[in-house]
Amino acid sequence: MGTTTACVLGISGSLRSASTNTALLRAAGALVDPAIGFRLWDELATIPPFDEDHEAEPPDPVLRMREAIDGAAALVIATPEYNGSIPGQLKNALDWASRPYGDSALTGKTTAVIGASPSDYGATWAQDALRRSLEAAGAHVLDTGVAVPRSDEAFDADGRLADAALHIELGEAVWTLTTAMTEKEGLCDVR
Ligand SMILES: Cc1cc2nc3c(=O)[nH]c(=O)nc-3n(C[C@H](O)[C@H](O)[C@H](O)COP(=O)(O)O)c2cc1C
């Protein structure tokens, strides 16, 4: 595949400045081999509400998001859980990315889903819902995931997962993602 700024793109479903899901993505990104490269996409708040009237000529923020997704060989998406599912802003962005029908930016994209929440369950319902939507949009969603429970106390001062077992699980998910990505796309060059 061609050169990109990073082969793995991280998308956080939370807009909160102190987001634990963004922290989880940063922790995942730190585990990606520098030769592969990780970039956090932080423009979720710029994406307007989906409007099917404009899907053929989407607004600029949506074009930029599509460019970011197109330029990545793999995605890792961290989702909070809002009322048992994914936040509206994340679903909205994925709906834009999936359109027009037949031209989804997500088609075949190797993707891992992770999530954090302050409950005992670590956003597992949201992760299930996210996997379902991504699969409907054509992504290749890996059978791996990390559920971080009690997220408000899950990270140490360096932004690492304080629980060693969870830290290892995150490393395994990153490994699974980058291995699947390389098997599918070949070696990905980082600029
Ligand atoms: C509208 C709303 C609904 C929520 N519903 C759930 C829920 O169903 N399950 C859950 O575990 N947490 C729920 N929460 C708590 C979020 O998981 C919590 O705010 C979390 O920290 C958000 O992720 P972040 O730290 O990445 O922003 C909800 C929060 C909001 C704002």
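Read the numbers this way: they start at 1 and go in the same order the structure lists the ligands and their atoms. Numbers for residues simply follow the sequence, beginning at 1.
- Using a 4.0 Å threshold on non-hydrogen atoms, atom 17 (O) of ligand 1 counts as touching the protein.
- The nearest protein atom to atom 26 (O) of ligand 1, hydrogens excluded, is given as Ser19 OG, 2.6 Å; this is a heavy-atom distance.
- Under a hydrophobic-cluster definition in which Ile, Leu, Val, Met, Phe, Trp and Tyr are linked whenever side-chain heavy atoms come within less than 4.5 Å, directly or via other members, Trp125 and Tyr82 are assigned to different clusters.
- Using a 4.0 Å cut-off to heavy atoms of Ser117, the atoms of ligand 1 that qualify are 10 (C), 11 (O), 17 (O).
- Not a single heavy atom of Ala123 sits under 4.0 Å from any atom of ligand 1.
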Walk me through it: do Leu75 and Leu106 pass the test side-chain contact (heavy atoms from CB on, under 4.5 Å)? CA-CA 9 Å; Leu75 305 178; Leu106 298 163; 3.8 Å; yes
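- For Asn83, a nitrogen or oxygen atom sits less than 3.5 Å from a nitrogen or oxygen atom of ligand 1, counting backbone and side chain alike.
- Closest to atom 22 (C) of ligand 1, if we only count protein heavy atoms, is Pro80 CB, 3.7 Å.
- Considering CG of Leu31 and NE2 of His167, their distance stands at 5.0 Å, rounded to 0.5 Å.
- Screening Leu134, Leu25, Asn21, Ile114 for a side chain to side chain contact (heavy atoms under 4.5 Å, CB included) with Ile77, the sole residue that qualifies is Leu134.
- At a threshold of 4.5 Å between side-chain heavy atoms, the hydrophobic network of Ile, Leu, Val, Met, Phe, Trp and Tyr places Leu90 and Val76 in two separate groups.
- Scanning the protein heavy atoms around atom 12 (N) of ligand 1, the nearest turns out to be Glu81 O, 3.4 Å.
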